[in-house]
Asker: 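Sharing a structure here in structure tokens format.
Naming: A, B, ... by sequence-line order, numbering from 1 per chain.
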Amino acid sequence: MNAATGDDREQERPARYDARAIEAKWQAVWAAEKTWEVASPGEPGFDPEKPKAYVLVMLPYPSGEPHVGHLKVYSVGDAIAHYRRRNGYRVLQPMGYDSFGLPAENHAIRTGEHPRISTERSIASFRRQFLDWGVSIDWSRELSTSAPDYYRWTQWIFLRLFEAGLAYRTEAAVQWCPKDQTVLANEQVIDGRCERCGTEVVPKKLEQWYFRITDYADRLLADFDRLESWPEHVVTMQRNWIGRSEGAEAVFRCEEPGIDFPVFTTRPDTLYGATFFVLAPEHPELDRLIEGTGNADEVREYVAAALRQTTGERGDEDREKTGVRLERTVVNPVNGESIPMFVADYVLMEYGTGAIMAVPAHDQRDFEFARKFDLPIRQVVAPADGSEVPAGEAFVTQSEDVRIVNSGDLDGLTPAGAKRKIIDELEAEGRGRLAVNYRLRDWLLSRQRYWGCPIPIVHCPECGSVPVPDDQLPVELPDIEDYRPKGKSPLATASDWVETTCPRCDGPGRRETDTMDTFVDSSWYFLRYLDPRNTALPFDRRIADHWMPVDQYIGGVEHAILHLLYARFFTKALADAGLIGVQEPFANLFTQGMITRDGAKMSKSKGNVVDPAEYVSRYGADTARTYVCFMGPPDRGGDWVDEGVDGVQRFLSRLWRLAAELPSDADRAGAFDRDWQRGTSGPVRELLAKSHWAIDKATRDFERDFQFNTVIAAVMELVNDAYRLRGELGTDDGARALAFAAATAGSLIFPFAPHLGSEVWEMVEGGRVWEVPWPAADEELLAKDVITLVVQVNGKLRDRIEVPADADEARILELVHASERLDAYLDGREPVKEIVVPGRLVNLVVR
RNA sequence: GCCGGAGUGGCGGAAUGGCAGACGCGAUCGACUCAAAAUCGAUUGUCCGAAAGGACGUGUGGGUUCGAGUCCCACCUCCGGUACCA
């Protein structure tokens with residue numbers, strides 16, 4: 001008979017956990033009292049006693065409705081924010097929208113609706129849902145990057161970079177997306193396809209705006225040391241993307257018509273093995289080189305064909321090598337040898353100098369090319385033990401157990417030694433030098449699209465590219481009739497807007513009609529949050545220096561390179577301009593894993609999309625939020641399972657009922673009294689100890705890389721124990737223990753289920769849980785008098801014994817030897833070794 | 001190819017070198033109910049055994065250790081990133 005709840009309370013039908021009512025109640029409190037607003041130094045309400053914590057989730061692109069990825073990232077971010085607040089920090093958690101961008105513009109092309117209208121609609125629904133989820137945001141700082149009072153400062157910063165020589169315009173081969181009709185940055189081309197629409201990109205020669213991010217390559221690498229905690233793989237990805245490689249530049253001279261061709265090589269030690277020389281089809285000296293030679297037309301034809309290829313086709317490694325031999329030769333600077341020249345599309349203009357020395361014996365690509373064109377292959381690196389190298393492939397090795405051969409005075413040296421010697425020689429003769437090369441290229445920022453931040457430049461036939469003066473900012477985006485891109489920016493059709501006067505000479509000028517890549521907008525938004533209503537500057541340096549860096553940044557790993565690299569670059573450039581003190585924007589980074597459904601990425605075409613709003617209205621925000629944190633470690637992905645949501649709902653209901661069905665207030669007063677707690681025994685003590693265990697476990701797992709799944713599991717255990725012990729707790733002490741357990745569970749679950757946590761706390765203790773410090777476990781209640789020790793024989797579990805917690809090794813062994821169970825396993829043998837791990841186990845080793 | 005990450009019950013996942021499988025889902029049984037749902041409780045790695053108990057068990061093969069899911073070596077599979085980068 002289960003009599004625990006069988007009192008007359010049941011006559012009035014037990015109330016049920018009404019998540020929506022509870023959530024509306026607390027959201028109203030937070031909105032009315034502006035609970036999550038936080039002051040900067042000098043503002044009223046600023047509390048200098050508390051340390052600051054800037055907790056930031058990557059700003060969303062507002063398109064349609066938030067999806068589960070947003071639910072997860074804000075659930076994680078908010079849990080961290082709440083945890084920090086209750087640990088005594090002044091937490092800033094702002095919100096904004098990355099509201100320029102292609103989807104809104106494409107929508108405008110389809111429907112004719114102005115992107116501003118559809119964007120505002122999306123922002124409204126994002127805002128509504130974030131409020132509905134009860135995220136603890138300082139809404140007074142809300143911003144959107146497409147608002148003139150925001151992009152005014154994006155333009156202002158662009159002009160500072162322009163003045164510093166970090167923004168420039170030049171003609172170069174760029175990646176063009178034929179569908180979106182715009183150029184793309186290298187970072188936005190994935191496997192030769194447009195990151196946004198998946199169309200194959202094609203090369204195109206255009207005059208475009210760039211940021212000189214390559215100037216910062218070394219600092220971007222070195223300053224990984226300044227970060228507190230970033231996922232190692234993100235750092236590695238950025239390292240690889242920057243792609244620093246050390247080597248040498250060597251100059252090969254073509255006597256006729258007299259052109260020096262520098263090449264970059266990471267293997268100057270193999271210079272003697274160079275048997276031919278290859279130029280990229282785009283090489284600027286090619287025309288001059290072939291002028292008047294017998295096969296100039298053939299070469300031109302090859303080049304034209306190469307340029308027509310999509311980036312994907314050209315990048316295909318498996319394709320057979322192609323190329324054309326030029327009727328020219330170059331001289332190898334180390335041995336004076338004349339070697340034939342080729343043009344081939346496997347050499348890229350964007351990397352190095354667009355020309356290579358080919359060492360077929362030790363480079364797979366050169367090897368394939370040499371085979372195809374029947375060129376000599378000269379081995380210059382050999383295993384130190386004199387063994388043969390495989391014939392059908394290039395001999396490529398990082399090993400130092402090799403020696404240089406067939407290379408004059410380099411013979412017998414290791415590659416490292418040969419590199420040093422050859423670079424010294426090249427430098428002495430002025431035919432080369434030590435060189436460092438990067439994979440990273442300058443950031444192409446102009447886009448031939450409408451819905452972006454206008455570039456504040458006027459083109460003047462007299463003065464060139466002239467910056468718009470600061471006092472004329474913002475250069476506002478004009479309204480236009482037709483959004484369709486036509487190979488140039490739709491802005492070009494707004495002739496009233498385009499035609500202007502030159503700020504420098506007052507003559508006629510034309511506005512720059514390209515807009516900025518939206519990644520520019522999001523490269524500094526974390527600074528605007530700090531001083532969002534400043535009308536004189538993008539932000540006040542003193543305020544920014546107070547809050548920066550972001551203490552905890554949270555977002556998807558898909559931004560590991562793009563956004564995070566750009567934002568790091570911007571921060572350094574702004575620091576160099578004296579606008580801010582920090583060198584790195586994000587001290588700690590947490591990347592959350594992607595939620596799938598039925599094991600697959602969610603997509604409309606698969607019909608497996610989870611709409612968070614649907615779950616929030618059915619189960620409540622607390623259930624949805626707690627569920628995404630409970631699925632597994634938040635930095636890993638997880639599969640959305642409806643039954644799992646039910647499980648979390650069940651748990652939250654149990655917690656609510658535990659609080660709702662507590663005995664009357666009078667019986668349970670003093671539940672938090674430590675002296676009383678320490679004096680208890682039996683089931684009362686057991687439940688109190690479990691409560692303190694949960695506090696300790698939750699706190700440790702919170703600190704340990706945000707292991708939210710086990711934090712929540714600990715609270716579940718506490719609630720389960722409370723139910724299990726409830727029947728044995730019919731005394732006043734029992735009522736107090738239950739009250740303490742329920743209040744503690746509410747307090748610990750609050751970062752994930754803030755509404756329920758507040759409600760439970762209010763029901764049990766009264767007051768506001770977010771104003772109560774994060775609980776600390778009582779060591780004395782954590783400690784046990786009697787502990788169970790595991791006894792092993794030869795590493796196999798054979799017995800358990802109860803020992804006093806303070807028993808020493810001798811006493812433990814005495815108890816072990818008293819065990820009759822063990823005799824069978826020992827079989828009369830004397831242990832040769834007895835290992836005692838206090839508090840853990842005993843292992844008897846017998847032979 | 002290169003660089004990361006991960007392989008543990010029917011499923012998601014727990015385990016500072018020390019009781020493998022916490023917690024949740026699912027499943028089975030029981031209580032309540034006319035019945036069902038909800039709720040509460042119990043059981044739930046595999047094999048042998050009536051039971052007591054025993055053997056096996058963390059992708060594979062070896063190693064270190066009193067003791068290995070955890071550390072080392074070699075390999076396999078999956079996932080992510082990246083790639084004619086000279």
Asker: Can you tell which of B:U16, B:U82, B:A14 lies closest to the side chain of A:Ile561?
Answerer: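 The nucleotide sitting nearest to the side chain is B:U82.
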
Asker: Whole angstroms only, please: what is the CZ-P distance between A:Phe651 and B:A38?
Answerer: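 For the pair A:Phe651 CZ and B:A38 P, the rounded distance is 19 Å.
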
Asker: Just how far, in rounded Å, is P of B:A86 from CZ of A:Phe252?
Answerer: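 Rounded to the whole Å, the gap is 16 Å.
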
Asker: Any idea which of B:U82, B:A86, B:U39 is nearest the A:Ser245 side chain?
Answerer: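 From the listed options, B:A86 comes nearest.
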
Asker: Under 4.0 angstrom, heavy atoms only, what part of the nucleic acid is A:Gln707 near: base, sugar-phosphate, or nothing?
Answerer: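 Sugar-phosphate, no base atom in range.
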
Asker: Taking C-beta and beyond as the side chain, do A:Met357 and A:Thr265 meet within less than 4.5 Å on heavy atoms?
Answerer: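 With C-beta onward as the side chain, the pair touches.
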
Asker: Does the base of B:C85 carry an N or O that pairs as donor and acceptor with the side chain of A:Arg441 under 3.5 Å?
Answerer: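 Answer yes: a donor N or O sits under 3.5 Å from an acceptor.
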
Asker: Any base atoms under 4.0 Å from A:Arg239, or only sugar-phosphate, or nothing? Heavy atoms, all strands.
Answerer: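 Since no nucleic acid heavy atom lies under 4.0 Å of A:Arg239, the category is nothing.
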
Asker: Specify the separation, in whole Å, of atom CE of A:Met716 and atom C1' of B:G13.
Answerer: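 The answer, rounded to whole Å, is 12 Å.
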
Asker: Would you kindly compare A:Thr788 and A:Asp646 by the position of their nearest RNA chain B nucleotide and give the one closer to the 5′ end?
Answerer: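 Comparing both residues, the 5'-ward one is A:Thr788.
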
Asker: Is a side-chain donor-acceptor pair under 3.5 Å present for A:Tyr346 with A:Asp366?
Answerer: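 Checked: A:Asp366/A:Tyr346 side chains pair up, N/O donor to acceptor below 3.5 Å.
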
Asker: Of all the choices, B:C3, B:A86, B:A83, which nucleotide is nearest to the side chain of A:Arg365 once you look at every atom?
Answerer: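 Given the options B:C3, B:A86, B:A83, the side chain of A:Arg365 is closest to B:A86.
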
Asker: It should be established whether A:Arg597 places a side-chain nitrogen or oxygen under 4.0 Å from OP1 or OP2 of nucleotide B:G12.
Answerer: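 For A:Arg597, the contact criterion (side-chain N or O under 4.0 Å from OP1 or OP2 of B:G12) is not met.
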
Asker: Mind checking A:Tyr723 for me? I need base, sugar-phosphate or nothing, with any heavy atom below 4.0 Å counting as a touch.
Answerer: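 Contact class for A:Tyr723: sugar-phosphate only.
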
Asker: Can you tell me how far P in B:C25 sits from the matching atom in B:A42, rounded to whole Å?
Answerer: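 Approximately 14 Å lies between the P atom of B:C25 and that of B:A42.
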
Asker: Does a salt bridge link A:Glu282 with A:Arg314, judged by any charged N lying under 4.0 Å from a carboxylate O?
Answerer: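 Answer for the salt bridge query: yes.
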
Asker: When the nearest nucleotide of RNA chain B is assigned to A:Ala714 and to A:Asn437 on a heavy-atom basis, which residue is associated with the more 5' position?
Answerer: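 Result: A:Ala714.
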
Asker: From the options A:Phe702, A:Phe630, A:Phe651, A:Tyr627, select the one residue that forms a ring pair (Phe, Tyr, Trp, His ring centres under 6.0 Å) with A:Phe752.
Answerer: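 Among A:Phe702, A:Phe630, A:Phe651, A:Tyr627, the one meeting ring pair (Phe, Tyr, Trp, His ring centres under 6.0 Å) with A:Phe752 is A:Phe702.
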
Asker: From B:A86, B:C19, B:G24, pick the nucleotide closest to the side chain of A:Leu797?
Answerer: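 The answer is B:C19, which lies nearest to the side chain.
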
Asker: Go through B:U39, B:C56, B:C84 for me and flag the one nearest to the A:Lys796 side chain.
Answerer: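 Taking heavy atoms from C-beta onward, the closest nucleotide is B:C56.
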
Asker: Rounded to the Å, how far apart are A:Met237 CE and B:A83 C1'?
Answerer: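 That distance rounds to 14 Å.
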
Asker: How many whole angstroms separate atom CZ of A:Phe261 from atom C1' of B:A86?
Answerer: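 Value for this atom pair: 17 Å.
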
Asker: What's the closest nucleotide to the A:Val790 side chain, out of B:U16, B:A86, B:C19?
Answerer: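 Minimum distance to the A:Val790 side chain belongs to B:C19.
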
Asker: Examine the side chains of A:Tyr438 and A:Ser245 and answer whether a donor and an acceptor come within less than 3.5 Å of each other.
Answerer: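 Per modelled atom types, A:Tyr438 and A:Ser245 side chains form no pair under 3.5 Å.
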
Asker: Going by atom types only, do A:Asn437 and A:Arg244 share a side-chain donor-acceptor pair under 3.5 Å?
Answerer: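 Looking only at side-chain atoms, A:Arg244 and A:Asn437 do not form any donor-acceptor pair under 3.5 Å.
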
Asker: Among B:C85, B:A15, B:G18, which nucleotide has an atom closest to any side-chain atom of A:Val837?
Answerer: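 Side chain of A:Val837 sits closest to B:G18.
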
Asker: Quote, to the nearest angstrom, the P distance that separates B:C11 from B:A22.
Answerer: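 B:C11 and B:A22 have their P atoms separated by 15 Å.
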
Asker: Do A:Gln309 and A:Arg319 get their side chains close enough for a donor-acceptor pair, meaning under 3.5 Å?
Answerer: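 Present: a donor and an acceptor within the cut-off.
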
Asker: When you compare the side chains of A:Gln238 and A:Arg568, does any donor N or O come within less than 3.5 Å of an acceptor on the partner?
Answerer: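 Yes, side-chain donor-acceptor contact under 3.5 Å.
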
Asker: Looking at residues at least two apart in the chain, or sitting in another chain, which of them share a side chain to side chain contact (heavy atoms under 4.5 Å, CB included) with A:Pro231?
Answerer: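 By the side chain to side chain contact (heavy atoms under 4.5 Å, CB included) rule, A:Pro231 matches A:His233, A:Val234, A:Leu589, A:Thr591.
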
Asker: Roughly, in whole Å, what's the span from OH in A:Tyr627 to C1' in B:C25?
Answerer: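 Distance check: A:Tyr627 OH to B:C25 C1' gives 9 Å.
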
Asker: Using a 3.5 Å limit on both pairing distances, list the dot-bracket string of RNA chain B from the 5' end; Watson-Crick and G-U wobble pairs count, crossing pairs take [ ], interstrand pairs take |.
Answerer: (((((((..(((.....[....)))((((((.......))))))((((....))))..(((((..]....))))))))))))....

Asker: Roughly how far apart, to the nearest Å, are B:G63 and B:G7 at atom P?
Answerer: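 Their P atoms lie roughly 24 Å apart.
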
Asker: Determine, for nucleotides 62-71 of chain B in 5'-to-3' order, which nucleotides have protein heavy atoms under 4.0 Å from the base (write B), from only the sugar-phosphate (write S), or from neither (write -).
Answerer: ----BS----

Asker: I'd like to know if the side chain of A:Thr596 reaches the main chain of A:Gly638, judged simply by a donor and an acceptor atom lying under 3.5 Å from each other, with no hydrogens or angles considered.
Answerer: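 Yes, because the side chain of A:Thr596 sits within donor-acceptor range (under 3.5 Å) of the backbone of A:Gly638.
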
